[in-house]
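Take a look at the structure set out below.
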There are 2 protein chains.
Amino acid sequence: MRIAVDALGGDNAPGEIVSGALAAARRLPRDEILLVGDEVSVRPLVPELPQNVRLKEARSAVGMSEDPAAALRARPDSSIAVAAETVRRGEAEAFFSAGSTGASVAAALLGIGRLKGCRRPAIATMLPFDKPALLLDAGATVACRPQDLLNFAILGGVFAKRYLRLDGEPRVGLVNVGEEPGKGDDLAKEAHALLEASEGVRFVGNVEGRDVGSGVADVLVTDGFTGNVVLKTAEGVAREILGMVRDAMTKNVVNKLAAAVLRPSLVAVRDRVDPENYGGSFLLGVRGPVVIGHGNSRARGVENAIVGISRAGSGLVEESEAALAAGRRSVEEAS
Amino acid sequence: MRIAVDALGGDNAPGEIVSGALAAARRLPRDEILLVGDEVSVRPLVPELPQNVRLKEARSAVGMSEDPAAALRARPDSSIAVAAETVRRGEAEAFFSAGSTGASVAAALLGIGRLKGCRRPAIATMLPFDKPALLLDAGATVACRPQDLLNFAILGGVFAKRYLRLDGEPRVGLVNVGEEPGKGDDLAKEAHALLEASEGVRFVGNVEGRDVGSGVADVLVTDGFTGNVVLKTAEGVAREILGMVRDAMTKNVVNKLAAAVLRPSLVAVRDRVDPENYGGSFLLGVRGPVVIGHGNSRARGVENAIVGISRAGSGLVEESEAALAAGRRSVEEAS
């Protein structure tokens, strides 16, 4: 698989991005990495090009606070626009960027385009708990229709099966305010009916907030408003609780001594819920998955994100479009 | 203040409910508790009535899985219907029930009625973190209009100032997917404009999920769908992380020994985020606040909930209606 990497996007570009991309290239000898950036800043970081890494020239970057669509139109030679262009032209199957989420989404929609049968894309994010689940949409489409949520379920199912290497069909849950089918607002009620009618989705019903980390589903579907708030709440609360635990352990000398013994085990807990394990989110519903790295990603996150998309991405577009078409047919037949 | 307590609602009724109510009565010598339940099951639990506790007869209970509205219509002598009736008649200013949330909301709407100027009620819940914040709506009104969110901000502000004993005006934030004013779906955008226009609300802007526990606002406003999912996600993730920490501490003998030293400090962390500290949520927007206890509440939660409403509740209805009217005027003048 060929993967384009926006070397100029993100708070720690280009150093950490290039370093992470090179580490990924070492782990993926059969894949090829296209480092997209300007010769002057990127070349010195890779004096000797590994055989599966190429440079691709781009003259500028899109800043974190720029209006994405305007910046992309004004600068088609920006690294993120060039990265998207390589996917559109079939030079790469996916691209990674740690630039602003808005710029990644805009570059994907303007530069690559949507999958057939998919009105709106979704950001899919792994919830970093013991029993991982793929949450989507985490913020690409704040105003959704019921059909969008069915599409997200199909796209998320295809992706999760590959990414999590599941044997059976992924279990899909609908984020809702109660477990019973009649619960929720109109969107949730109508999406529930569609998900139940669709044959391509292994629907396990509504999932309440308290169960998003409990492993009851492999894929959690919701609109981009709710999903964004849920994801950030989960990350924020995890950080908050771990901070309280850390404070408790260092509040006096005796505690500090005992904490020293436990440190390795507790660092393991912190690492298990570290978002950098996944290194980013995945924009699904476009003709080439886009990996949206964290703006503050370091090399390890970049590496994990690229390795992740390599595992999940090859042939994803074709399989997703076939699944969307099958899903549409099964719902039409049911109604 | 007089507070009615549904002695028959909840998984642990009547034993734990009565025991918690009696403990609250001891802490609130100037308040009066009305224990609502049937003589046969409640009387033996209070052989000697304290001077500020009275019994109020009710013949039946509404079960956790019954359809609330139907059950209330069929059995006006049920404990929750009688508790609501005491508030409607002015015999009590508030009532507590650990029965089903649906039954409490229905009893409040059918039996007590809404505040003037308040289309829909909201469930207000304290987020149990180091820096507490009142989240509303946690699930009473899943489909909200922008005006509802302004009303929730006003109701939550009046309540939080009393409940949290704040000196200044409570800072109100709008739960949203980004900090900038233009973020979110139509509801969030229009609510943002209303909150900014209202003079009665100290609006601090949008609050992202990652900041719900960080103390940036005293009151967090959102629709009942998002709020319910946020609250349950926060509780679920806190439980999950604490469980992972506990597992790490008991995974071998050395860890167990070190953990024994830290146990008191870690129990303190767990206790700080225990929802039973607040003992329940508060239904606001009705003519007499209703305390919705957790279904599995034990005596400590019941006691804390009753003490909480005593601190916040006296005169709440009048102050809330005045604030709603003032909020409406300020928005009309601004537009």
Side-chain angles (χ1 to χ4, degrees), chain A residues 127 129-131 138-139 142-144 175-178 183-188 208-214 222-245 247-249 251-252 254-255 257-262 264-266 268-269 272-273, chain B residues 127 129-131 138-139 142-144 175-178 183-188 208-214 222-245 247-249 251-252 254-255 257-262 264-266 268-269 272-273:
Chain A
L127 290 173
F129 297 109
D130 260 3
K131 291 162 190 151
V142 292
C144 285
V175 176
N176 207 335
V177 298
K183 287 283 182 176
D185 53 10
D186 289 345
L187 175 65
E208 293 190 67
R210 68 169 63 101
D211 284 324
V212 297
S214 73
T222 188
D223 64 278
F225 189 92
T226 309
N228 183 279
V229 174
V230 162
L231 173 67
K232 290 181 182 165
T233 298
E235 289 179 353
V237 169
R239 204 184 48 225
E240 183 91 4
I241 300 284
L242 288 172
M244 288 168 77
V245 169
D247 290 348
M249 297 196 148
K251 75 172 190 178
N252 60 43
V254 176
N255 277 14
L257 288 171
V261 175
L262 291 167
S265 303
L266 291 170
V269 169
R272 270 208 324 270
V273 300
Chain B
L127 289 173
F129 298 109
D130 260 4
K131 290 159 190 156
V142 291
C144 284
V175 177
N176 207 336
V177 298
K183 288 282 183 176
D185 53 10
D186 289 344
L187 175 65
E208 293 191 67
R210 67 169 63 101
D211 284 324
V212 297
S214 73
T222 188
D223 64 276
F225 190 91
T226 309
N228 183 277
V229 175
V230 162
L231 174 68
K232 289 182 182 164
T233 298
E235 289 179 352
V237 170
R239 202 183 50 223
E240 183 92 3
I241 301 283
L242 288 172
M244 288 168 78
V245 169
D247 290 349
M249 298 197 144
K251 77 173 188 177
N252 59 44
V254 176
N255 277 15
L257 288 172
V261 175
L262 292 166
S265 302
L266 291 170
V269 169
R272 271 209 322 272
V273 300

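Only the side chain of V212(A) comes within less than 4.5 Å of a heavy atom of chain B; its backbone N, CA, C and O stay farther away. Heavy atoms of E240(B) lying under 4.5 Å from chain A belong exclusively to its side chain. Contact annotation for V254(B): both backbone and side-chain heavy atoms come within less than 4.5 Å of a heavy atom of chain A. Only the side chain of F129(B) comes within less than 4.5 Å of a heavy atom in chain A; its backbone stays farther off. Heavy atoms of K251(B) lying under 4.5 Å from chain A belong exclusively to its side chain.
When all heavy atoms are compared, the tightest approach of V142(B) to G184(A) is CG2-O, 3.7 Å. Across V175(A) and F225(B), no two heavy atoms sit closer than the pair O-CZ, 3.6 Å. What you find for A238(B) and V237(A) is that their closest heavy atoms are N-CG1, 3.9 Å.
The distance from the CG atom of L266(A) to the CG atom of L262(B) is 8.5 Å, given to the nearest 0.5 Å. In this structure, N228(A) CG and R210(B) CZ are separated by 8.0 Å, a value rounded to the nearest 0.5 Å.
Interface remark: of the candidates G209(B), A188(B), A143(B), A234(B), G209(B) forms the most heavy-atom pairs closer than 4.5 Å to chain A. Note: A258(B) leads A258(B), G236(B), G224(B) in heavy-atom pairs under 4.5 Å with chain A. Looking only at heavy-atom pairs under 4.5 Å with chain A, the residue among A268(B), G213(B), G178(B), S214(B) that has the most is G213(B). Among the candidates D247(A), V230(A), D223(A), D186(A), the residue making the largest number of heavy-atom pairs closer than 4.5 Å to chain B is V230(A). Each of L257(B), D211(B), N252(B), V245(B) has some count of heavy-atom pairs under 4.5 Å with chain A, and the biggest count is that of V245(B).
At distances below 3.5 Å, at least one donor-acceptor pair connects side-chain atoms of K232(B) with backbone N or O atoms of V177(A).
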Walk me through it: do V273(B) and M244(A) pass the test side-chain contact (heavy atoms from CB on, under 4.5 Å)?
CA-CA 10 Å; V273(B) 300; M244(A) 288 168 77; 3.8 Å; yes
